[in-house]
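Accompanying notes for the structure given below.
Computation of the quantities below employed the complete heavy-atom set of this structure, encompassing side-chain atoms and omitting hydrogens, waters and symmetry-equivalent molecules. In the text below, chain A, chain B and the rest are named by the order of the sequence lines, each starting its count at 1. Remember, it's a predicted structure, so these values are computed and weren't measured experimentally.
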Number of protein chains: 2
Amino acid sequence: MPRLELNKSLHVPETWGYQQRLRRAGHRITPQREQILELLHCSGKRQSATELCAQTRGMNPATVYRNLAFLVQVKLLNAIEIEGELFYELNNPNAPHHHLICRRCGREQEISAHVAAGFLAELQRTYGFQAEPNHWVIYGVCEACGGQSA
Amino acid sequence: MPRLELNKSLHVPETWGYQQRLRRAGHRITPQREQILELLHCSGKRQSATELCAQTRGMNPATVYRNLAFLVQVKLLNAIEIEGELFYELNNPNAPHHHLICRRCGREQEISAHVAAGFLAELQRTYGFQAEPNHWVIYGVCEACGGQSA
DNA sequence: CGCAGTATTGCAATAATTTGCAATAAGAGG
DNA sequence: CCTCTTATTGCAAATTATTGCAATACTGCG
């Protein structure tokens, strides 16, 4: 089995600085970790562990699972729960975003940075709590589906 | 194996109205479902699927998993993600609560209804979105651990 | 209270996830 | 560049989670 090579035409923008983030914390950069980040970056969507396992090339499932847990811990990924299932997505600290998901039509609406910031500031003011700018998912009913009356 | 019996000295307060909620939606009340609710109610804490499986008496794991998914869907339970793992807790619509969890000391701080309501109102105002009053978990750094400087 | 209809359960087979351990390779230092 | 150290990987076994299907038992109704 051909051994995986580091930095072989990956498509994870290094502007993101994931390499620095790993190295500074004393962790290693491996082709396996890069492949996971690449898959999530290129697909541009949340994926479950199982989905990721199916897409990796020449990589053991155990490694996928271990790295997902690892990458969540070091905050390169977010783990988010949707309808009782876990999904993973890149965590870009420079562009945190939060979603409203409608239970009826399933549409996702992004919460503007301004609105989120107001709440974050309130948490800071009231509790002295500095919330991480990661990804929230809030369920409810959107305007079109009757958000007022629900 | 002794067959499970319905309503045999359960400790889930019926003030909660879970029976009505199930029946009105056309779902059945079974000893298995009640046992899961009871375990969560009596322990008073979030539990993972695995933990719940280990505690059930005379009940097949498949049933536990299927019912957890079911109870989340009908909103009698909340599924929440903590450190990449899924946990279940009772969803009491009359007492929604939201938590701040500190990454450093692990302490959990409840967000007051007032603060949460402000944000919910903002979502309603800005997006016409009626958020469900279920359970959020927000990570960050608490005041004692240096929330200001982090 | 008993019966019919159908959701729900248990069981067994399958798939997904985790774990221990030996082998490998990233990164530091010569 | 080579060597050393140790984090990380792959493999295989063990555990946990899911699925199909026949059997069971909630509920509504007579």
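Atom CD1 in B:Ile36 sits roughly 13 Å away from atom P in C:dT8 (whole-Å rounding). If you measure from atom CD of B:Glu34 to atom P of C:dT9, you get 11 Å, rounded to the nearest angstrom. In this entry the distance linking CD of A:Gln35 with C1' of C:dA25 reads 17 Å, nearest Å. Atom CG of B:Asn60 is separated from atom C1' of D:dT19 by 12 Å (rounded to the nearest Å). B:Arg24 has its CZ atom 18 Å from the C1' atom of D:dG28, to the nearest Å. Distance, B:Leu86 CG to D:dT16 C1': 14 Å, rounded to whole Å. If you take CD1 of A:Ile29 and C1' of C:dG27, they are 10 Å apart, rounded to a whole angstrom. In this structure, the CD atom of A:Gln19 is 13 Å from the P atom of C:dA26, given to the nearest Å.
In terms of the salt bridge (Lys or Arg N to Asp or Glu O under 4.0 Å) criterion, A:Glu85 has no residue partners (sequence neighbours excluded). Remark: A:Glu132 engages A:Lys75, B:Arg103 in a salt bridge (Lys or Arg N to Asp or Glu O under 4.0 Å) (not counting sequence neighbours). Not counting sequence neighbours, B:Arg24 has no partner by the salt bridge (Lys or Arg N to Asp or Glu O under 4.0 Å) test. Among residues two or more places apart in sequence or in another chain, the salt bridge (Lys or Arg N to Asp or Glu O under 4.0 Å) test is passed with A:Glu108 by A:Arg46.
Counting all heavy atoms, side chain and backbone alike, A:Ala79 lies closest to B:Glu81 at O-OE1, 3.0 Å. Closest of all the heavy-atom pairs between B:Phe129 and A:Ile138 is CZ-O, 3.9 Å.
Residues A:Val115 and B:Phe119 have side chains in contact (heavy-atom distance under 4.5 Å, counting atoms from C-beta outward). Counting only heavy atoms from C-beta outward, the side chains of B:Glu110 and B:His99 approach each other to under 4.5 Å.
Other residues, nucleotides and ligands place more than 12 heavy atoms under 6.0 Å from the CD atom of B:Glu51.
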Please write out the pairs of protein N or O atoms and N or O atoms of nucleotides 20-23 of chain C separated by less than 3.5 Å, giving the distance to one decimal.
from: C:dG20; atom 1: O6; to: A:Arg66; atom 2: NH1; distance (Å): 3.4

Which atom pairs link the protein and nucleotides 4-8 of chain D when you take only N or O atoms and keep those under 3.5 Å?
from: D:dT6; atom 1: O2; to: A:Arg28; atom 2: NH2; distance (Å): 3.2
from: D:dA7; atom 1: O4'; to: A:Arg28; atom 2: NH2; distance (Å): 3.4
from: D:dA7; atom 1: N3; to: A:Arg28; atom 2: NH1; distance (Å): 3.1
from: D:dT8; atom 1: OP1; to: A:Arg28; atom 2: N; distance (Å): 3.4
from: D:dT8; atom 1: OP1; to: A:Arg33; atom 2: NH1; distance (Å): 2.8
from: D:dT8; atom 1: OP1; to: A:Arg33; atom 2: NH2; distance (Å): 3.0
from: D:dT8; atom 1: O5'; to: A:Arg33; atom 2: NH2; distance (Å): 3.3

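Nearest-nucleotide mapping onto DNA chain D: of B:Cys53 and B:Arg23, the residue sitting toward the 5' end is B:Cys53.
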